[in-house]
Amino acid sequence: MRLITHIQCHPSLAQRRRVASRSVASSGGSLSRCCVSVCVCVCVLCSVPGRAARVMAAAPANPRTGSTRAQLPPCYYEGHLEKRGAKEKVARRLWTCLCGNTLYFFNSPKDTNHVEKLDLSGFVSLIDDPSRDKNLEAARLNLRMKDGEIKLTAPNLEARELWKGFLYSVVDLAVPTTLTLLPGQLHMLKEVVEKEKMRRKARASSRAPSSPLSLPLVGEIPACFRPVSRTEAEVLLERHPDCGNMLLRPGRDGSSLAVTTRQDLNGSVFRHYRVTQKQQGGYIIDVENPIPCPTLHDVINALVEKTAGTLQPFILEEPYEENITFVSSNDENGERTLHCAPTGPLSRAPSLPPKQVGTDRWSLRSQTRSPSSSPRSFSPSGSPSNSMRRLVLSPSPLSQSLTDELKQKLEKRRTSQE
């Protein structure tokens with residue numbers, strides 16, 4: 001330090017060299033010629049005002065990689081997150097942006113180039129981490145991807161719930177119903193789902209293959225067929241290992257099919273097999289020794305038989321709702337709430353007894369009629385007591401003769417009394 005101070009005090013370069021030489025001589029030759037050169041170079045830098053600052057500023061910093069923000073998909077949510085990957089020992093606090101279905105990480109909110117990115121197409125699960133952070137208000141998350149686990153830390157519990165809502169909405173393309181969010185936040189998630197659906201639809205249409213399958217599919221399509229990409233097929237098999245480990249999907253070129261399989265060997269092992277369609281009909285599994293198959297069902301059966309049942313078709317049972325739910329709106333504040341319908345039996349109103357045609361009404365009508373009209377014409381044909389009334393009103397021949405005989409006796413008695 002004494003040597004450097006003496007050199008800086010002399011204005012001219014020659015004087016600085018002489019001072020350096022005298023310093024070397026006074027030190028008994030302990031300083032080498034290289035040290036003298038270094039000291040002289042330091043003096044040259046210090047002699048010019050501001051040169052040292054400019055040299056330090058021109059030193060190459062850590063280069064930033066990635067696209068600029070203008071080239072990224074639309075940003076749905078952003079904020080600070082602490083990120084620590086599987087191979088990282090220390091977490092870094094980065095400005096995180098959810099653009100499309102990808103997380104982009106920046107050193108600061110003002111940066112235009114991202115330093116890292118994380119594609120959520122390999123998403124497996126998102127679990128809360130109950131462990132405490134040095135910041136008591138912070139809330140941790142474990143983001144499990146297909147290729148490893150990433151630990152994230154949000155500033156607080158509310159921020160963690162909101163990050164979970166946006167991540168689930170982008171991955172599943174549906175608003176999650178299990179999170180504690182405000183109505184305004186749920187409305188934001190709904191808009192994000194619609195925007196992401198439109199973005200993916202536009203992207204798929206722009207990247208769609210020029211030619212679809214050249215020939216129509218022969219026979220019925222197997223239940224393990226899924227119209228997904230290679231990455232989506234791997235994620236499906238990873239998420240639902242109990243539903244099978246082999247699915248049929250469209251090929252990347254658009255003119256063939258593919259079979260994706262998953263097995264466990266110190267982790268997930270994926271394999272992809274091309275299935276081409278023959279012009280004369282049928283299919284071929286393109287392996288070293290091609291396997292011809294008449295139909296797609298035979299393609300799946302052939303792979304099951306070749307692996308002695310190790311490969312099984314992937315059949316995902318879509319869940320059905322167990323309760324009836326409906327959405328109602330509050331007229332006062334306009335909020336919409338999801339309600340669950342009662343599960344008890346339906347309560348039916350008691351039914352009224354059937355209307356009966358009263359006999360008194362018919363008897364009253366028969367009395368009001370003129371005596372000359374026939375009694376049979378007043379009896380309704382649909383009345384249940386029609387036959388009984390007919391017996392009473394229409395006398396039999398025997399009763400008619402008795403009546404005539406009685407009339408004759410009454411007339412004789414009347415004449416005898418007179």
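Reckoned from all heavy atoms, side chains included, excluding hydrogens, waters and symmetry mates.
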*Within a strict 4.5 Å, meaning less than it, do heavy atoms of the Leu118 and Phe105 side chains meet?*
yes
*Would a 4.5 Å heavy-atom cut-off, applied to side chains only, mark Trp95 and Pro109 as touching?*
yes
_Side-chain heavy-atom pair Leu189, Pro176 within 4.5 angstrom cut-off_ = yes
*Are the side chains of Thr153 and Lys83 in touch, meaning some heavy atoms are under 4.5 Å apart?*
no
*Heavy atoms, side chains only, cut-off 4.5 Å: are Leu247 and Val259 in contact?*
no
*Identify, with sequence neighbours excluded, every residue that meets side-chain contact (heavy atoms from CB on, under 4.5 Å) alongside Asp129.*
Ser131, Arg140, Asn142, Lys151
*Decide side chain to side chain contact (heavy atoms under 4.5 Å, CB included) for Ile315 and Cys243; before the verdict, give the C-alpha distance in whole Å, the side-chain angles of both, and the deciding distance to 0.1 Å.*
CA-CA 6 Å; Ile315 300 177; Cys243 298; 5.9 Å; no
*By side-chain contact (heavy atoms from CB on, under 4.5 Å), which residues pair with Gln312, not counting sequence neighbours?*
Asn245, Val304
*Distance, nearest 0.5 Å, that separates CG of Leu311 from CG of Asn301*: 12.0 Å
*asked:* The criterion is side-chain contact (heavy atoms from CB on, under 4.5 Å); which residues satisfy it with Lys117, sequence neighbours excluded?
replied: Thr102, Tyr104, His114
*Which pairs with one or both residues in residues 229-278 pass ring-ring contact (aromatic ring centres under 6.0 Å, His included), sequence neighbours excluded?*
none
*With a 6.0 Å cut-off on ring centres, are Phe166 and Tyr76 close enough?*
no
*Is it true that Glu238 and Lys146 make a salt bridge, defined as a side-chain N closer than 4.0 Å to a carboxylate O?*
no
*Would the Trp163 and Tyr77 ring centres measure less than 6.0 Å apart?*
yes
*asked:* With heavy-atom distances below 4.5 Å as the criterion, would you say the side chains of Leu237 and Phe314 are in contact?
replied: yes
*Does the side chain of Val193 come within less than 4.5 Å of Val170's, by heavy atoms?*
no
*asked:* Testing the basics here: between Asn107 and Leu94, what is the closest heavy-atom pair and its distance to 0.1 Å?
replied: OD1-CD2, 3.8 Å
*Measure the shortest side-chain to side-chain distance between Val124 and Met145 over non-hydrogen atoms and say whether it is less than 4.5 angstrom.*
no
*So does Glu78 have more than 12 non-hydrogen atoms from other groups sitting under 6.0 Å from CD?*
yes
*Indicate the atoms forming the closest heavy-atom contact of Val235 with Gly122, along with that distance.*
CG2-CA, 4.0 Å
*Does any pair with a residue in residues 168-188 pass side chain to side chain donor-acceptor pair (under 3.5 Å), and if so which ones, sequence neighbours excluded?*
His187-Glu191
*Using a distance-only test with no angle check, is there a side-chain donor-acceptor pair under 3.5 angstrom linking Thr260 and Arg271?*
no
*May I ask you to decide if Gly85's main-chain N or O and Glu88's side chain share a donor-acceptor pair within less than 3.5 Å?*
yes
_Under 4.0 Å between a side-chain nitrogen and a carboxylate oxygen: does that hold for Arg200 and Glu196?_
yes
*Can you name the side-chain contact (heavy atoms from CB on, under 4.5 Å) partners of Lys306, sequence neighbours left out?*
Ile291
*Where do Cys99 and Pro73 come nearest, in terms of heavy atoms and distance?*
CB-O, 3.5 Å
